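Quick caveat, the model's predicted, so the values are computed rather than measured.
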Amino acid sequence: MEYYMRLTAGPERDDEGDGGRTGTETGAVTKTRPKTKRPSLYRVLLLNDDYTPQEFVVVVLQEVFNKSHEDAFRIMMHVHTRGVGECGVYPYEVAETKVTRVMDIARKNQHPLQCVMEKQ
């Protein structure tokens with residue numbers, strides 16, 4: 001998009017060798033928008049252990065990741081049978097916050113549940 005702007009050079013004078021110009025000129029100013037880059041996304045993963053109760057994992061998935069009971073149960077079973085499961089994909093700061101919340105909740109409830117993030 002172009003914007004036109006009147007440039008003022010000051011009082012009219014011809015002693016600067018400007019060829020008798022009037023002292024005002026018209027020019028074009030171009031405004032460009034910087035390209036914004038999409039943020040990198042990170043997968044948040046739960047790791048299986050032999051001690052954390054399955055019901056606890058379901059509750060964590062519901063509270064931290066806003067999963068329905070059915071989705072939380074499905075993810076928990078995936079983690080239980082395969083050893084690791086994806087809870088969601090988020091920008092770095094959101095993923096980091098969710099990992100921290102899971103780890104804090106697990107620690108407060110004395111469970112060894114582990115949660116990590118990896119770049120997608």
Side-chain angles (χ1 to χ4, degrees):
M1 180 180 284
E2 290 187 20
Y3 296 97
Y4 291 95
M5 176 177 183
R6 188 174 175 95
L7 304 174
T8 307
E12 295 181 27
R13 295 189 332 191
D14 196 21
D15 58 353
E16 295 181 14
D18 61 359
R21 286 185 249 162
T22 62
T24 59
E25 300 175 19
T26 304
V29 177
T30 304
K31 186 174 183 177
T32 59
R33 285 190 182 169
K35 294 273 185 176
T36 54
K37 198 170 97 174
R38 288 186 176 262
S40 297
L41 296 177
Y42 291 80
R43 298 171 64 207
V44 177
L45 307 171
L46 275 182
L47 307 178
N48 189 45
D49 64 75
D50 294 332
Y51 303 101
T52 304
Q54 293 178 345
E55 298 81 18
F56 179 79
V57 175
V58 170
V59 170
V60 168
L61 288 164
Q62 289 177 295
E63 290 188 14
V64 176
F65 298 97
N66 300 316
K67 301 293 184 186
S68 67
H69 183 76
E70 294 77 22
D71 287 342
F73 185 81
R74 182 183 47 76
I75 293 168
M76 178 275 300
M77 288 305 295
H78 184 88
V79 171
H80 180 69
T81 58
R82 303 235 171 111
V84 64
E86 183 179 285
C87 304
V89 178
Y90 307 96
Y92 180 83
E93 291 82 10
V94 176
E96 184 178 45
T97 300
K98 292 193 180 288
V99 168
T100 301
R101 285 184 61 200
V102 169
M103 298 298 288
D104 287 347
I105 292 169
R107 194 172 320 129
K108 285 178 185 171
N109 288 278
Q110 300 178 349
H111 295 300
L113 181 64
Q114 293 293 305
C115 187
V116 297
M117 59 189 251
E118 69 177 24
K119 195 168 186 174
Q120 190 176 27

Side-chain heavy-atom pair [X], [Y] within 4.5 angstrom cut-off:
X	Y	answer
Val44	Val102	no
Tyr92	Met117	yes
Gln114	Met103	yes

Tell me whether [Y] is reachable from [X] by hopping between hydrophobic residues (I, L, V, M, F, W, Y) whose side-chain heavy atoms are closer than 4.5 Å.
X	Y	result
Leu113	Val59	no
Val116	Tyr42	no
Leu46	Phe56	yes
Val79	Val89	no
Ile105	Leu45	no

Nearest 0.5 Å, please: how far is [atom2] in [Y] from [atom1] in [X]?
X	Y	atom1	atom2	value
Ile75	Phe65	CD1	CZ	8.5 Å
Cys87	Arg43	SG	CZ	10.0 Å
His78	Met76	NE2	CE	12.5 Å

* More than 12 foreign heavy atoms under 6.0 Å from CD of Gln110: is that the case here? -> no
Check your understanding: Are the side chain of Lys98 and the backbone of Cys115 linked by a donor-acceptor contact shorter than 3.5 Å?
Key -> no
- Determine yes or no for a side-chain-to-main-chain donor-acceptor pair under 3.5 angstrom, with Asp49 supplying the side chain and Tyr51 the backbone. yes
Nearest heavy-atom contact between His111 and Pro53 is CE1-CD, 3.2 Å
Salt bridge present between Arg74 and Asp71 (N-O < 4.0 angstrom): yes
Starting from the C-alpha separation in whole Å, work towards a yes-or-no answer on salt bridge (charged side-chain N to carboxylate O under 4.0 Å, His left out) for Arg107 and Asp104. CA-CA 5 Å; Arg107 194 172 320 129; Asp104 287 347; 3.4 Å; yes
